[in-house]
Amino acid sequence: MGVPWEHFAHDSDIGVRGRGASVDEAFVAAGVALTAVITAPAGVAAREAVAIACEAPALDLLLVEWLDAIIFEMATRGLLFRAYSVAVGGREGAWELRGEARGEAIDVDRHAPTVEIKGATFTGLRVVEEAPGRWLAECVVDV
């Protein structure tokens, strides 16, 4: 796995946080953190690839779109994802993301999902370069 992610406490919901040397890496790590809310990502095989594309007028809003797109694909396809790839481009007012999620069909016995994520929220929403080459992408997800 190797991507630095973590959860943070927030009342009855859960915060997801991704870090990376680039905004792309931080978004990938936030995706892994999202999966880890449901199950251990290491227990999910990367058998199937799903393309994901989204747009937003601001980088932080693009994170919400990205996480919501992952949640939508998991819910409608019955999949869990283990790994992600992301390319973020654009400028303020016109950001876009092209990515891929890799995973497999949910196996309740093997994956033992703990919660269902309803969506990403604007609570705690931040995408910032904390220092040169140190990006942070985080928000709270509704469970």
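Bear in mind the structure is a predicted one, so any value in this text is a computation, not a measurement. Every heavy atom of this structure was used, including side-chain atoms; hydrogens, water molecules and symmetry mates were not.
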To the nearest 0.5 Å, what is the distance between [atom1] ([X]) and [atom2] ([Y])?
X	Y	atom1	atom2	value
Ile70	Thr35	CD1	OG1	6.5 Å
Ile71	Glu116	CD1	CD	10.0 Å
Thr39	Ile106	OG1	CD1	9.0 Å
Ser22	Phe27	OG	CZ	10.0 Å

Considering only heavy atoms from C-beta outward, does the side chain of [X] approach that of [Y] to under 4.5 Å?
X	Y	answer
Ile38	Met74	yes
Leu79	Glu48	yes
Val50	Phe81	yes
Ile52	Glu100	no
Val88	Leu59	yes
Leu62	Val127	no
Thr121	Val141	no

Give me the atom names and distance for the closest heavy-atom approach of [X] to [Y].
X	Y	answer
Gly18	Ala29	CA-CB, 3.6 Å
Ser85	Arg102	OG-NH1, 3.6 Å
Leu125	Cys139	CD1-CB, 3.8 Å
Ala53	Arg98	CB-NH1, 3.2 Å
Ala120	Leu67	CB-CB, 3.9 Å
Arg126	Leu136	NH2-CD2, 2.8 Å

* Centroid-centroid distance, Trp66 to Tyr84, less than 6.0 Å -> yes
Could you check whether any side-chain N or O of [X] sits under 3.5 Å from a backbone N or O of [Y], counting only pairs where one atom can act as donor and the other as acceptor?
X	Y	result
Arg82	Val32	no
Glu129	Gly133	yes
Thr114	Val37	yes
Glu73	Ala69	no
Glu104	Ala45	yes

* Asked: After noting the C-alpha distance and the side-chain angles of Arg19 and Glu130, does the key distance pass the salt bridge (charged side-chain N to carboxylate O under 4.0 Å, His left out) rule?
  -> CA-CA 10 Å; Arg19 288 194 164 89; Glu130 297 178 302; 3.5 Å; yes
* What about Val140 and Phe72, same hydrophobic cluster or not, with Ile/Leu/Val/Met/Phe/Trp/Tyr joined at side-chain heavy-atom distances under 4.5 Å? -> no
* **Connected via hydrophobic side-chain network under 4.5 Å: Leu63 and Val143** => yes
* Asked: Can Leu61 and Phe122 be said to form a side chain to side chain contact (heavy atoms under 4.5 Å, CB included), step by step?
  -> CA-CA 8 Å; Leu61 298 177; Phe122 299 117; 3.4 Å; yes
* What do the steps show when you test Glu65 against Leu97 for side chain to side chain contact (heavy atoms under 4.5 Å, CB included), and what is the final call? -> CA-CA 9 Å; Glu65 293 295 324; Leu97 179 149; over 6 Å; no
* Asked: Passes side chain to side chain contact (heavy atoms under 4.5 Å, CB included), Val108 versus His111? Steps please.
  -> CA-CA 5 Å; Val108 174; His111 297 128; over 6 Å; no
